[in-house]
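Following: one structure in structure tokens, then a few remarks.
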Amino acid sequence: MTVLIVSDIHANLVAFEAVLEAAGDVSTIWNLGDVVGYGPKPRECIDRITQLQPVVSLIGNHDWAAIGRLQLDEFNPVARYATYWTTAQLTATHMKYLEGLPNRVIEDDWMLVHASPRHPIWEYVYTAKAAHENFELFDAPVCFLGHSHVQLFISETMARSGEAPIQPVDCDTLLIDSERFIVNPGSVGQPRDNNPHAAFALYDTEKRVVTFRRIPYDIEKTQQQMEAAGLPRPLITRLALGV
Ligand code: ZN
């Protein structure tokens, strides 16, 4: 089957719709968390994810924050403001949906988690050291994770020898065969790797091939929605920069 893997949608419905269209006909969707937070359309993004059943959906730190399960001291003032705004947008049904999400899914052939096997909600994995330590904590051939908003992959051998993860370009592929990998599909709604294009991955589970994708979307439209919602200026400007 072909799986669309998305992460860190962050209430950016315009980007999410563009990704769904670009992905085309897929068998299912794995959402690695942070559907809400930062962006202007939290309710609509949850509704869209819900419509797309069957889907694996994980909880992220911003989803947790939006339902009051996280101390906001860890967030900077801008993220904190956006969290209060997000919470105010959500209905009881949306809250209940987020409350029911697991923080990881472990199968024989893959592990799915928002942040890392060690800290499912919190840890950023973009160094060889963090990857190396996390390879010890799962058995599957591949762990898909999000949270850093940086599209990348790293093998167990690279991590052990201290080699930095690789940041792919659009349409690069990765075969999961003799090596184990950690793979981040990147962020749909707020990329932070100096590329503003929405990021996602497709995974062919039979051929075990990951295809990394980057696609342009109507950033200005999302920015206008954020402005209308009164969301903080730094969150609006960063979208066009991919930071
Ligand atoms: Zn995030």
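The figures here come from the full heavy-atom set of this structure, side chains too, leaving out hydrogens, waters and symmetry mates. We count ligands from 1, going down the list as the structure has it; atoms in each ligand are counted the same way.
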Distance below 2.8 Å from the Zn ion (ligand 1): protein N/O/S atoms
Asp8 OD1, His10 NE2, Asp34 OD2, His149 NE2
What distance do Gln51 atom CD and Ile46 atom CD1 have between them, rounded to the nearest 0.5 Å?
12.5 Å
Could you give the distance from OG1 (Thr211) to CG (Leu4), rounded to the nearest 0.5 Å?
11.5 Å
Do you see a donor-acceptor pair shorter than 3.5 Å between the side chains of Asn134 and Glu123?
yes
Given 3.5 Å as the limit, does a donor-acceptor pair link the side chain of Arg180 with the main chain of Phe138, or not?
yes
Answer yes or no: is there a donor N or O on one side and an acceptor on the other, between the side chain of Arg214 and the main chain of Asp170, under 3.5 Å?
no
At what distance, to the nearest 0.5 angstrom, does CD of Gln223 lie from CZ of Arg238?
12.5 Å
